[in-house]
Asker: 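Following this message is one structure expressed as structure tokens.
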Protein chains: 2
Amino acid sequence: MRSTDRPSDAGTDPLDGASATRARIRDAAVLRFARDGFTVGLRQIAEDAGVTAPLIVHYFGSKDGLRAACDTHVLAMIREAKGKALVPNDTNALLMSLASVEESAPLVGYALRSLQAGGRLARDFVDQFAADAEVYIAEAVAAGEMRPSRDEKARARYLTVQGLGALLLDVTLNPPAEPTDLLAMIDGYMQRMALPTVEIFTDGLLTNRRMLDAYLLYVGDPPPGGDGSETPQS
Amino acid sequence: MRSTDRPSDAGTDPLDGASATRARIRDAAVLRFARDGFTVGLRQIAEDAGVTAPLIVHYFGSKDGLRAACDTHVLAMIREAKGKALVPNDTNALLMSLASVEESAPLVGYALRSLQAGGRLARDFVDQFAADAEVYIAEAVAAGEMRPSRDEKARARYLTVQGLGALLLDVTLNPPAEPTDLLAMIDGYMQRMALPTVEIFTDGLLTNRRMLDAYLLYVGDPPPGGDGSETPQS
DNA sequence: CGCCCCGTTGAACGCGCGTTTAGTCTTTGA
DNA sequence: TCAAAGACTAAACGCGCGTTCAACGGGGCG
């Protein structure tokens with residue numbers, strides 16, 4: 001049934017002859033994984049791509065191979081898109097500007113699924129964002145816009161994990177029906193969180209330095225790393 | 001094989017005769033779900049509980065019924081344990097003091113799995129924590145320890161979602177091998193995050209009020225709720 | 001022409017899943 | 001004492017999964 005219509009009907013594809021099918025399968029998989037999670041069956045992905053399940057195995061070896069290919073592709077695409085994005089101050093703002101490109105919205109959905117599931121891509125993804133945040137924060141500190149921290153690396157990671165984790169949790173609690181709604185979801189999330197974020201970032205939360213002083217007294221100089229064995233109150 | 005040894009060998013169980021089996025299955029399920037996630041098979045849970053899979057269906061109707069029973073039980077247990085916990089200031093500190101009870105550590109693991117998967121329990125869980133945070137924050141504000149917010153409800157939810165989401169993401173990225181390690185995991189997480197948290201809570205992040213003023217100028221008074229249609233920068 | 005190559009398919013395999021069925025024990029109570 | 005009730009199990013069913021197998025068809029090439 002599907003074997004007669006050639007992939008040439010997808011007119012925008014540059015490569016028509018050889019293994020554009022491979023890319024078509026990969027793209028369909030990214031979309032499906034983003035939409036339904038990683039438990040979706042190969043047959044469903046195959047149907048989306050207009051092929052059959054064994055062909056996916058033929059190209060990618062196994063379902064895990066397909067996942068790995070998707071991971072690599074998504075990470076590369078996001079890495080590339082991040083270079084293009086102007087003023088990627090905030091993690092969430094970046095994700096949103098990324099999701100609003102409409103073409104790369106599935107990438108964001110896939111990345112969120114990946115964060116939800118864990119694994120290598122998730123770790124790379126967070127590490128990459130934390131590293132980016134670190135240089136951005138360093139610039140802001142140098143420009144006198146942000147206060148310096150006693151442990152810049154830890155603060156960059158803190159802000160990244162907090163931002164990504166909160167977004168992930170919010171998306172998990174209010175899952176969008178369609179990946180198209182993901183943009184609206186992230187947008188609504190940012191609207192709800194904007195005021196508390198800016199408030200705390202501007203004035204802080206506490207009225208005195210007791211907690212900070214107690215913590216600084218409790219541990220030594222922070223940058224050296226894991227020295228204290230017990231846990232202070234946060 | 002298992003049919004000969006009675007459940008009486010689990011000497012600590014108060015109810016020995018009737019349907020202590022039901023509770024035993026439920027507890028085994030909570031532990032297994034916490035350990036391996038919700039994709040684990042009924043047969044595995046049955047083996048842990050020393051019964052067979054059909055008996056689980058006999059007692060709980062279906063696997064979803066078992067999940068619902070676990071959800072209800074875990075939510076009730078955590079609710080109860082929260083009442084006992086003294087000074088439950090921080091969400092994470094509360095979770096940690098809860099996890100350190102050793103007996104209720106699986107409950108925390110199950111709750112985290114549930115947050116990861118979404119669903120009703122996850123929503124109730126977050127809502128409950130946000131509500132608790134709101135009253136605690138109100139007390140701190142009244143005591144002059146915390147600054148007031150222009151939208152207390154939003155800030156309470158913000159802090160809750162940030163805290164839980166960050167913890168969830170961290171656990172997902174560095175999954176503990178055993179639920180026993182969960183305590184060490186949360187402990188390590190808090191150590192890594194403690195300094196940035198206290199720093200930002202004390203002094204804030206920004207050096208000037210430009211962002212806050214721009215936001216306040218952009219929207220009207222916040223408490224009324226969804227009025228602005230576009231998204232300001234966060 | 002005849003050959004091979006290779007993209008692609010339909011059919012099937014084995015597995016583990018949740019669930020159903022039928023039945024065997026053990027307890028209980030009229 | 002005998003039957004009803006309930007706890008519990010072994011076996012099996014149907015399903016969907018990822019994967020394997022054998023084969024078909026058409027294009028390039030000797």
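Throughout, protein chains are lettered first and strands after them, A, B, ... in sequence-line order, and every chain is numbered starting at 1.
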Asker: C:dG18 C1' sits how many Å from B:I45 CD1, rounded?
Answerer: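 Result: 12 Å.
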
Asker: Output yes when at least one side-chain N/O atom of A:S19 is less than 4.0 Å from OP1 or OP2 of C:dG7, else no.
Answerer: no

Asker: With the side chain of B:V51 defined as its heavy atoms from C-beta on, choose the nearest nucleotide among D:dC8, D:dA7, D:dT9.
Answerer: D:dT9

Asker: Would one find a side-chain N or O of A:T21 under 4.0 angstrom from OP1 or OP2 of C:dG7?
Answerer: no

Asker: Give a yes or no answer on whether the side chain of A:T172 reaches the backbone of A:L168 with a donor-acceptor pair at less than 3.5 Å.
Answerer: yes

Asker: Could you tell me how far apart A:F60 (CZ) and D:dT19 (C1') are, to the nearest whole angstrom?
Answerer: 16 Å

Asker: In whole angstrom, what separates A:Y59's OH from D:dT19's P?
Answerer: 17 Å

Asker: If the condition is ring-ring contact (aromatic ring centres under 6.0 Å, His included), which residues does A:F129 pass it with, not counting sequence neighbours?
Answerer: A:F125

Asker: Please report the distance, rounded to the nearest Å, between CZ in B:R22 and P in D:dG6.
Answerer: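 It is 15 Å, rounded to the nearest whole Å.
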
Asker: Between the protein and nucleotides 19-25 of chain C, list the N/O to N/O atom pairs that are separated by less than 3.5 angstrom.
Answerer:
from   : atom 1 : to    : atom 2 : distance (Å)
C:dT19 : OP2    : B:K63 : N      : 2.7

Asker: Ignoring backbone atoms, test whether A:T52 places a side-chain nitrogen or oxygen under 4.0 Å from the OP1 or OP2 oxygen of C:dT8.
Answerer: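 Answer no for this pair, as no side-chain N or O of A:T52 is under 4.0 Å from OP1 or OP2.
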
Asker: Can a donor-acceptor pair be found, under 3.5 Å and without considering hydrogens, that links the side chain of B:R157 to the backbone of A:M193?
Answerer: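 Checked: no pair found.
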
Asker: So what does B:H58 touch, heavy atoms closer than 4.0 Å: a base, only the sugar-phosphate, or nothing?
Answerer: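 Since only primed, P, OP1 and OP2 atoms lie under 4.0 Å of B:H58, the category is sugar-phosphate.
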
Asker: For B:A68, does its backbone N or O pair with a side-chain atom of B:T72 as donor and acceptor, under 3.5 Å?
Answerer: yes

Asker: Can you tell me how the ring of B:F38 sits relative to the ring of B:F33, calling it parallel under 30°, perpendicular over 60° and tilted otherwise?
Answerer: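 If you compare the ring of B:F38 with that of B:F33, the planes turn out tilted.
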
Asker: Side chains of B:Q44 and B:D48: any donor to acceptor distance under 3.5 Å?
Answerer: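 Their side chains do contain a donor-acceptor pair, which is all the 3.5 Å distance test asks for.
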
Asker: To the nearest Å, give me how far apart CG (B:L55) and P (C:dG18) are.
Answerer: 15 Å

Asker: Considering non-hydrogen atoms only, spot the tightest contact between A:I200 and B:Y158 and give its length.
Answerer: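 What the structure gives for the nearest pair is CD1-CE2, 3.7 Å.
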
Asker: Take atom CD1 of B:I56 and atom C1' of D:dA10, then tell me their distance rounded to the nearest Å.
Answerer: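 Rounded to the whole Å, the gap is 16 Å.
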
Asker: Nearest whole Å is fine: how far is D:dG18 P from A:R67 CZ?
Answerer: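 Whole-Å distance recorded here is 13 Å.
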
Asker: Nearest whole angstrom, please: distance from the P of C:dG18 to the CD of B:Q44.
Answerer: 11 Å

